[in-house]
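This structure is a prediction, so every number in the text was calculated from the model and none was measured. Letters A, B, ... are given to chains in the order of the sequence lines, protein chains preceding strands, and every chain is numbered from 1.
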Amino acid sequence: MPRRRQRRTAFARPREFTLQRAPRAATSPVRMSSPVRVRFAPSPTGYLHVGGARTALFNWLFARHHGGTFVLRIEDTDQQRNTAEALQVIYDGLRWLGLDWDEGPDAGGPHGPYRQSERQTIYERYFQQLRDAGHLYDDGGAWRFRFRREVVEVDDLICGRIAFDFANVEIMPDMTVRRPDGSWIFHFVNVVDDIEMRITHVIRGEDHLSNTPKHLQLFAALGAEPPRYGHIPLILNPDGSKMSKRDQGASITGYTENGYPPEAVRNYLCLLGWSPKDDRELMPIEDVVARFDLANVNRKGAHFDLAKCDWISAQTIQHMSSERYRELAQPWLAKAGLPTDAPSLDAVLALEKMKVTHLTEIADRVSFFFTEDFPYDPAAVEKTLRKPGALDRIRQLGEACAALEPWDAAVLEAKLKEVAAAVPCKPAEFIHPARIAVSGRAVGPSLYHMLEVLGKERVLARFQRTLGTFDAA
RNA sequence: GACCCUAUCGUCCAGCGGUUAGGACACCGCCCUUUCACGGCGGUAACACGGGUUCGAAUCCCGUUAGGGUCACCA
């Protein structure tokens, strides 16, 4: 950390200056003359890793913050991995997170094609250029790029200035750019594409930091101005190990399947390695876009914390509009065979909104609203309904409420308390049996609100059903 | 092994030479309460270690240790 401080102040702009105020600084991460162009360049492996998603997110935030262009490039040189399904996973994941791209395989754009598998002629041309200039040599059929044996300095927007010494050939052997079968090596096509696509800023995982000087050498040999680099820290497992496909929280698909609102996952990812520097955590994405800055990105690898992600999910749900909540809930209701267009849907959903962490919970929480044939929880029946007098309370309450007007939570509460006071007994002696009578459960929404949403007819009918079911027994 | 990055509560962040080291998650109490929650209040808990520099260091420098990354005819 000590070192970082100095480097940062030396090479990144001071935090108190905004871009607008200090556009001329030589070390400004953004040259005003060239609009920002960033890219996310995943390889279609069949799943989208959280680390990759966050890299995409940071690129997207940077582009949107600077009014730049976000390019999606598919690095599918490995034919094995190149399937339509694998590509779809990337599209789905990015779209789910709300990360829209301006140029890409499907979106098109002036610098396409955007899949490496379709850019053969371009690579061929650059290859020729390198070979003609004497930077390449044949090594058993493969082509190697001859490094300049000197110190290469990487001036990273996040990491500061780092020197890599290429003097020792043993330690830094010349890299292969093309295999004997004619296929290309990542470093080469990556650099060629960044040149061709006019990429101004490369924001990628820290695992590429050590590759950067090699890329810089390629840029120099090709006579191209390199982009600015910003290497973001990796996301680790809670135990500090590298996160891989099977680890919990690793796959974006997992969040979709487990019922996280996409904006919640995105919010959590924003906070992993970046901070607004005040204590805000729950932030609309527009606010993050407005404040995002590479200078505020951390250097430390972040341990993934699903509990925090869950909290953000619950908070996000709690604070979202009823329209958005309904929209997110509907697929899960449908999946459970519940109606998605009931007139009282919003009212029903609102009853448990503040308790939901995952959208997957919703259907079960509200299922009893949609059928008069709901089951009774045996434990609840045993504990509460079998108690002496419990059924009498239900009967009394039913009679007292039969003529109640209007049928709303406040009036119901007043009436229930009045009836209890007349007995006299605690309101709880009515509340618990009544809850089970109308829902079959000991746990659920606030009783009065639940009764209101259910409506008088159904409440009284459910009281009757309960009495009929357990009185005789 | 070589090279590179990193090091503040268990976790995520704040801290930019002088702070009772702050916030959030998690955890533990208490309050609210008809259940489950939400919410409110409070608590436990950290500067990895050792040397410097300085009147003064979590903050600057060096080293050690630990973690991570890269050293491919993977991406």
- Taking atom types as they are modelled, is there a donor-acceptor pair under 3.5 Å from the base of B/A24 to the side chain of A/K308? yes

- Note on the structure: Contacts of A/D174 meeting salt bridge (Lys or Arg N to Asp or Glu O under 4.0 Å) (sequence neighbours excluded), chain-then-number -> A/R149

- Going by heavy atoms closer than 4.0 Å, what residues in residues 182-196 of chain A are next to RNA chain B? A/W184, A/I185, A/F186, A/H187

List, one per line, each side-chain donor-acceptor pair under 3.5 Å for residues 428-435 of chain A, sequence neighbours excluded.
| unit_1 | atom_1 | unit_2 | atom_2 | d |
| --- | --- | --- | --- | --- |
| A/E429 | OE1 | A/R393 | NE | 3.4 |
| A/E429 | OE1 | A/R393 | NH2 | 2.9 |
| A/R435 | NH2 | A/P445 | O | 2.7 |

- ring-ring contact (aromatic ring centres under 6.0 Å, His included) with A/F186: which residues, sequence neighbours excluded? A/H208, A/H215

- Note on the structure: Residues at least two apart in sequence or cross-chain that pass salt bridge (Lys or Arg N to Asp or Glu O under 4.0 Å) with A/D287, listed by chain then number, are A/R280

- Counting any heavy atom closer than 4.0 Å, what does A/R178 reach on the DNA or RNA strands: base, sugar-phosphate only, or nothing? nothing

- Item | Summary of salt bridge (charged side-chain N to carboxylate O under 4.0 Å, His left out) pairs that have at least one residue in residues 303-321 of chain A, sequence neighbours excluded | A/E281-A/K308

- What pairs with A/D346 under salt bridge (Lys or Arg N to Asp or Glu O under 4.0 Å), at least two apart in sequence or on another chain? A/R326

- Query: Just by protein heavy atoms under 4.0 Å, how would nucleotides 31-48 of chain B read 5' to 3' in B, S and -?
  - Reply: ---BBBBSS---------

- Paired with B/A7 by Watson-Crick or G-U wobble geometry, both distances under 3.5 Å: which nucleotide is it? B/U65

- Task: For A/F164, check ring-ring contact (aromatic ring centres under 6.0 Å, His included) against everything at least two apart and list the hits.
- Result: none

- Residue A/T176, side-chain heavy atoms: nucleotide from B/A75, B/G10, B/C73 that is nearest: B/C73

